[in-house]
Amino acid sequence: MRVAIDTQPGGTGPNEDWVAGTPTLAVVLDGLSTAGLETGCQHGVPWYVAHLGSQIVSALAESNTPLTVGLASALERVAALHPQCDLSNPGTPSATVAILRERQGFLDHLVLADSPVVLDGHQGISVITDLRVDQILPELKAEVARHETHTAGHKQALRDLVTAQRETRNTTTGYWVAAADPEAANHALTGTVPVGDVRAAALLSDGAACLVTDYAMSTWPEVFTTLRTVGPRGLIDTVRKVEATDPRGQRWPRYKSGDDAAVAFCQW
Ligand SMILES: [Zn+2]
């Protein structure tokens, strides 16, 4: 497997996405926004995703380890790296996870929350994604969408949404993301396909996938054409050009003008 990667911050703040590629593994993590609220952690989201990503790669070095077992192990290892922080805080640093692994003629995939794994197969496109987060708190999301980005109303609506999300995050009635509790790994969506069925694959944080899922300015086949011709950086540049036409989020209401974006593009 050949993996091309790139990640770029969406604004002037630190990048809270993380991506890695090895000859057998691609990983994309998207750290969840804290909206400036208390987290109980002195390290921050960029620290969290860098350590979680590194521990996922390490935990999956043994190719027969199931992806959920590797993810649970990585979550435990990262939690053990900062016992001095309050890991029971509902705002403890957290991230979406997308993993693709090649193993003896097969591709194993895992998604936890809304960073999709997209397979460009001989039978067509398959989008593997976990949209449980989209199904909760519709009224608060609508309130965020009502405001242009960079306004005080938008900032307050986003804080209200994140505060409410924290109450349902990693509970049986809410949605699951990678955070301090390894139990989240058991709620990831996993599957396996023969590698021979797939021409290419892409793992994307929602800051890149939004080109298709939110803006509808591209189709998945067009995304694969872009990735083949100009690579992950070219795809992220395309997202930024589209966002620049709507800097205040009027056409496409969103949490930020531009979100951090990460892409891993896998070919055989
Ligand atoms: Zn910490």
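Throughout, numbering of the chain's residues begins at 1 and tracks the sequence. We count ligands from 1, going down the list as the structure has it; atoms in each ligand are counted the same way. Keep in mind that what you see is a predicted model, and the values were worked out from it rather than measured.
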Visitor: Which word best sums up how the rings of W176 and H187 line up, parallel for under 30°, tilted for 30 to 60°, or perpendicular for over 60°?
Guide: parallel

Visitor: If a pair satisfies side-chain hydrogen bond (donor to acceptor under 3.5 Å, both in side chains) and one of its residues is in residues 150-163, list it, with sequence neighbours excluded.
Guide: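 Those involving residues 150-163 are H150-S257, Q156-D160.
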
Visitor: Give the minimum heavy-atom separation between A184 and L75, together with the two atoms involved.
Guide: CB-CD1, 4.5 Å

Visitor: Run the salt-bridge test on D259 and K256 with the 4.0 Å N-O cut-off and return the result as yes or no.
Guide: yes

Visitor: With a cut-off of 2.8 Å, how many protein N, O or S atoms neighbour the Zn ion (ligand 1)?
Guide: 4

Visitor: About how many Å separate CE of M1 and CG of L25, when rounded to the nearest 0.5 Å?
Guide: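 One gets 6.5 Å once the value is rounded to the nearest 0.5 Å.
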
Visitor: Determine the minimum heavy-atom distance between A98 and P116, stating which atoms define it.
Guide: CB-O, 4.5 Å

